[in-house]
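Written out below as structure tokens is the structure these notes cover.
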Amino acid sequence: MNILILGSGGREHALAWAINQNPKCDTLICAPGNAGMAEIATCLPLDIMDGAAVVAFAQHHKIDFVVIGPEAPLAAGVANALRGARILCFGPNADAAQLESSKHFTKEICDACNAPTAAYGHFKDAGSAKEYVHQQSTPIVIKADGLAAGKGVIIAQTTAEAIAAVDSMFDGQFGDAGAEVVIEEFMQGEEASLFILSDGKNILPIGTAQDHKRAFDGDKGPNTGGMGAYSPAPIMDDAVMQKAMEHIIKPTIKEMARRGTPFQGVLYAGFMIENGQPRLVEYNVRFGDPECQVLCIRLGAQMLDALLACASGTLDKARINWADDHAISIVMAAKGYPEAYEKGSIIAGLQVADNDPKAQIFHAGTKLVDGQTTSNGGRVLNITARGETLLEAHTRAYALIKEIDWPEGFYRKDIGWRAL
Ligand code: AMP
Ligand code: GLY
């Protein structure tokens, strides 16, 4: 079949790598793609936010299956447009994508199905939000309701900080995303993520992971999109997993179907786990980045079979063959990220993983310029490795990263510390 992947990050390179290994994949096109994806697929320009343009592109290239990587096109209804044109596609329609694009929507779903999550208030004006803050204790969490590229959450340590956060949101710091605000109880515990596929009715768990959001070692520095991840997450043991599935995931999928907006795609659930009890922090309606990279290196070619079963409503018949292994992905970012950074520096030594069946270098922000791989974003490379233990995967990945010649880049030296 002819397959189209929308996106250009490490997540999409990992999906392309996994899908490309499956014999069902005849032709692979990535739009817009990056330098790493260009080694295994045809990369073409396309405005992936424009549903009509994506449909026309898919028809022109006789695409049989479209995989939508990032959340923005999902929230913009690109999956609706593809389904409307009877093109098989992986990813939820816009109404189901509200599980990520509106924090308040997710809170209402949790209320409707009694799923454990932080207590909250929802506000459309600063006055009532501040009144609520004054009635609560600190720390307290102030969230822009809409999509804010992972930046719309402020954990306020004091009431004054919380009031300032409320003001900044209603003053437009996050644009339209902050026009409504959710204020939450601060939850203690350890965070972990669970990834499940759903075809709207059936559910297939495809792995757990933990990531490191802060830029620097010791979980210090500003928040980023993620500086590294590993799978599985030891804290998501069988007992926690069972609670998460029974009390949070299954009721959510059921409630979405009951509302006539079934969720089809990958649901990435973030939990706070304390004393063995998971509570929902948030949902995302797409794979995590770099969590997808560790899932893809563990699942390999069978990822395509799972995505196809999900998109075609046959997940009840799908099976995952689990290698009982571990994976880690370390992000190399441009110096300065997540604040200002330069683009366009040359990266060498990327062939180091070529002969290692247990390692892959996924490209996130790269671009080919005159035949040379150059940096083209904040997060640039994902050095990803497998092993029978996390320590083995960790040792393999860190040995490779030292061989990469990119003085303008940096990475964290302690990815996986919690699990090691
Ligand atoms: P979100 O975008 O909702 O996942 O929030 C980003 C990050 O903020 C989460 O991964 C948590 O680390 C933290 N966070 C969000 N909500 C809460 C909460 N209610 N209690 C504690 N930490 C939170
Ligand atoms: N790594 C966090 C995310 O993809 O949202």
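Scope of the values below: all heavy atoms of this structure, side chains included, with no hydrogens, waters or symmetry mates. Since we're looking at a predicted model, the values are computed, not measured. Counting starts at 1 for both ligands and their atoms, in listed order.
Salt bridge annotation for Asp219-Arg412: present, with a cationic side-chain nitrogen under 4.0 angstrom from a carboxylate oxygen. Taking a cutoff of 4.0 Å between a charged side-chain nitrogen and a carboxylate oxygen, Asp167 and Lys130 qualify as a salt bridge.
Near Lys213, meaning under 4.0 Å from one of its heavy atoms, ligand 1 places the atoms 10 (O). Listed by number with element, the atoms of ligand 1 under 4.0 Å from a non-hydrogen atom of Lys103 are 1 (P), 2 (O), 3 (O). Near Gly288, the atoms of ligand 2 lying under 4.0 angstrom from a non-hydrogen atom of the residue are 4 (O). Of all the atoms in ligand 1, the ones that sit under 4.0 Å from a non-hydrogen atom of Val141 are 16 (N), 17 (C), 18 (C), 19 (N), 20 (N). Within ligand 2, counting atoms from 1 as listed, the ones closer than 4.0 Å to a heavy atom of Asp211 are 1 (N), 2 (C).
Checking Ser231 against Arg298 by side-chain atom types alone, a donor-acceptor pair falls below 3.5 Å.
By the 3.5 Å distance cut-off applied to N or O atoms, Arg379 is not counted among the residues near ligand 2. The shortest N or O to N or O distance between Gly225 and ligand 2 is under 3.5 Å. Among the atoms of Met187, some N or O lies under 3.5 angstrom from an N or O of ligand 1.
Considering Glu282, Arg11, Arg286 only, the shortest heavy-atom separation from atom 4 (O) of ligand 2 involves Arg286. The residue among Lys143, Glu184, Arg279 with a heavy atom at the shortest distance from atom 15 (C) of ligand 1 is Lys143. Distances from atom 23 (C) of ligand 1 to the heavy atoms of Ile154, Ile142, Ile140, Ile155 show the closest one on Ile155.
Side-chain N or O atoms of Glu291 include one that pairs as donor or acceptor with a backbone N or O of Asp289 at under 3.5 Å.
More than 12 heavy atoms of other residues, nucleotides or ligands lie within 6.0 Å of CG in Asp171, so this atom counts as buried by the packing criterion. Annotation: Glu190, atom CD; neighbour count of heavy atoms from other residues, nucleotides and ligands within 6.0 Å is above 12. The number of heavy atoms from other shown groups lying within 6.0 Å of CG (Asp354) is above 12. Residue Gln135 places its CD atom among more than 12 non-hydrogen atoms of other residues, nucleotides or ligands, all under 6.0 Å distant.
Contact annotation for atom 7 (C) of ligand 1: protein absent (non-hydrogen atoms, distance under 4.0 Å).
Annotation: side chain of Tyr230 is in contact with side chain of His212 (closest heavy-atom distance under 4.5 Å). Val78 is not listed as a side-chain neighbour of Ile48, based on a closest heavy-atom distance of 4.5 Å or more. Within the 4.5 Å cutoff, the side chain of Arg11 has heavy atoms near those of the Pro70 side chain.
Protein heavy atom at the shortest distance from atom 5 (O) of ligand 1 is Val153 CG2, 3.4 Å. The closest protein non-hydrogen atom to atom 9 (C) of ligand 1 is Glu191 OE1, 3.4 Å. Protein heavy atom at the shortest distance from atom 1 (P) of ligand 1 is Glu282 OE1, 3.2 Å. Shortest contact from atom 14 (N) of ligand 1 to any protein heavy atom: Val281 CG1, 4.0 Å. The single protein non-hydrogen atom nearest to atom 22 (N) of ligand 1 is Met272 CE, 3.8 Å, given as residue, atom name and distance.
Contact annotation: for Glu291 versus ligand 2, heavy atoms closer than 4.0 Å belong to the side chain alone.
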